Amino acid sequence: MKKLHLSLLSDDTDQSKKTTQYLQSQFNKLPGLSITIHNVPTKSKLSRSTSGDFDLVVSSWGADFADPINFLDLMTKNNPTNNGHWANSQYDRYIEASKTTDANNRTKRYADLVNAEKVLMKDQGVIPLYQPATTQLWRTNIHGFVWNPAGMSNGYKGLYVTK
């Protein structure tokens, strides 16, 4: 049986190393597949990813605003962040409709985004691995903190304490 050798590119952070080691251990269980890890400094990973110098790459994206388009738009054919050059014309049509003809109809726009994600997951244009989360405990007398649904805080501006 011929063996397929692929390289897995990622950052050299502790979290990235743990992730790539886990992925390697799981991929290597598949018959005929061998994975080599390349954990490199972030700038090198970004450069190699942008230039297409990878077989597999672990990347991340943090939402800038709380809307699915923030993630889904990344995988359109002409998006410069689509470093794997995955393309699906039906996917692009759903994304385009969500931004144009259906943009003012919440129900249709949401259906476009759901359908686009179904295409993306069926084709495995990208494979979501995990989503980070934050847990915080706040004393009941601290008020004014605004938590953005995209996961970013407004800092501590506007906080106040009551007795």
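Predicted model, so just to flag it, every value in this text is computed and none were measured. By convention here, the first residue in the shown sequence is residue 1.
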Item checked: Polar side chain donor-acceptor pair, Asn83 to Ser59, under 3.5 angstrom -> no
Next item on the list: Starting at CG of Leu56, measure out to OG1 of Thr20 and round the result to the nearest 0.5 Å.
Entry: 11.5 Å
Next item on the list: Rounded to the nearest 0.5 Å, what's the gap from OG on Ser10 to CD on Gln21? Could you check?
Entry: 10.5 Å
Check: Do Leu113 and Met121 belong to the same hydrophobic cluster, where Ile, Leu, Val, Met, Phe, Trp and Tyr are linked whenever their side-chain heavy atoms lie under 4.5 Å apart, directly or via other members?
Finding: yes
Margin query: Using the side chain to side chain contact (heavy atoms under 4.5 Å, CB included) definition, which of the options Lys118, Met75, Lys77 pairs with Tyr91?
Written below: Met75
Check: Are the side chains of Arg109 and Ile69 in touch, meaning some heavy atoms are under 4.5 Å apart?
Finding: yes
Margin query: Between Asn115 and Ala111 (side chain of the first, backbone of the second, donor and acceptor by atom type, cut-off under 3.5 Å), is there such a pair?
Written below: yes
Next item on the list: Indicate, with yes or no, if Leu9 and Ile37 share a hydrophobic cluster defined by side-chain heavy-atom contacts under 4.5 Å among Ile, Leu, Val, Met, Phe, Trp and Tyr.
Entry: no
Item checked: Exam field: side chain Ser47 to backbone Lys43, donor-acceptor pair closer than 3.5 Å -> no
Notebook entry, point to check: Would Thr162 and His143 satisfy side-chain hydrogen bond (donor to acceptor under 3.5 Å, both in side chains), going step by step from the backbone distance to the final call?
Noted result: CA-CA 8 Å; Thr162 59; His143 307 280; 3.1 Å; yes
Margin query: So does Gln15 get a backbone contact from the side chain of Thr19, meaning a donor-acceptor N/O pair under 3.5 Å?
Written below: yes
Checklist line | Heavy-atom side-chain proximity of Trp138 to Leu159 below 4.5 angstrom | finding: yes
Note to self: I need the minimum non-hydrogen distance between Ser49 and Phe54, along with the two atoms involved.
What the structure shows: O-CE2, 3.4 Å
Next item on the list: May I ask you to decide if Ile95's main-chain N or O and Ser98's side chain share a donor-acceptor pair within less than 3.5 Å?
Entry: yes
Check: Asn79 side chain to Asp73 main-chain N or O, any donor-acceptor pair under 3.5 Å?
Finding: yes
Check: Is the backbone N or O of Ile35 less than 3.5 Å from a side-chain atom of Asn28, with the two atoms forming a donor-acceptor pair by type?
Finding: yes
Margin query: Are Gln26 and Tyr22 packed together at the side-chain level, in the sense that at least one heavy-atom pair is separated by less than 4.5 angstrom?
Written below: yes
Check: Of the non-hydrogen atoms in Asp123 and Asn88, which two are nearest, and what is the gap between them?
Finding: OD2-ND2, 2.9 Å
Item checked: Under 3.5 Å: donor-acceptor pair, side chain of Asp92, backbone of Glu96 -> no
Notebook entry, point to check: Say you draw a straight line from CH2 of Trp86 to CG of Leu120; how long is it, rounded to the nearest 0.5 Å?
Noted result: 5.0 Å
Next item on the list: Give, for atom CG of Asp112 and atom OG1 of Thr101, the distance between the pair rounded to the nearest 0.5 Å.
Entry: 6.5 Å
Check: Which value, rounded to the nearest 0.5 Å, describes the distance between Thr42 atom OG1 and Asp11 atom CG?
Finding: 3.5 Å
Checklist line | Where Val126 and Pro128 come nearest, the two heavy atoms and their spacing | finding: O-CD, 3.6 Å
Margin query: Give me the atom names and distance for the closest heavy-atom approach of Asp12 to Lys17.
Written below: O-CE, 3.2 Å
Notebook entry, point to check: If Ile, Leu, Val, Met, Phe, Trp and Tyr residues are connected whenever their side-chain heavy atoms lie under 4.5 Å apart, and connections chain through other members, are Val57 and Leu46 in the same group?
Noted result: no
Note to self: Atom CG of residue position Asn141 - does it have more than 12 heavy atoms of other residues, nucleotides or ligands inside 6.0 Å?
What the structure shows: yes
Check: Is Leu8 reachable from Leu129 through a run of I, L, V, M, F, W or Y residues, each pair having side-chain heavy atoms under 4.5 Å apart?
Finding: yes
Checklist line | Shared hydrophobic cluster for Phe145 and Val161 (ILVMFWY, side-chain gaps under 4.5 Å) | finding: yes
Notebook entry, point to check: Hey, what do you get for NZ (Lys45) to OG1 (Thr50), rounding to the nearest 0.5 Å?
Noted result: 9.0 Å
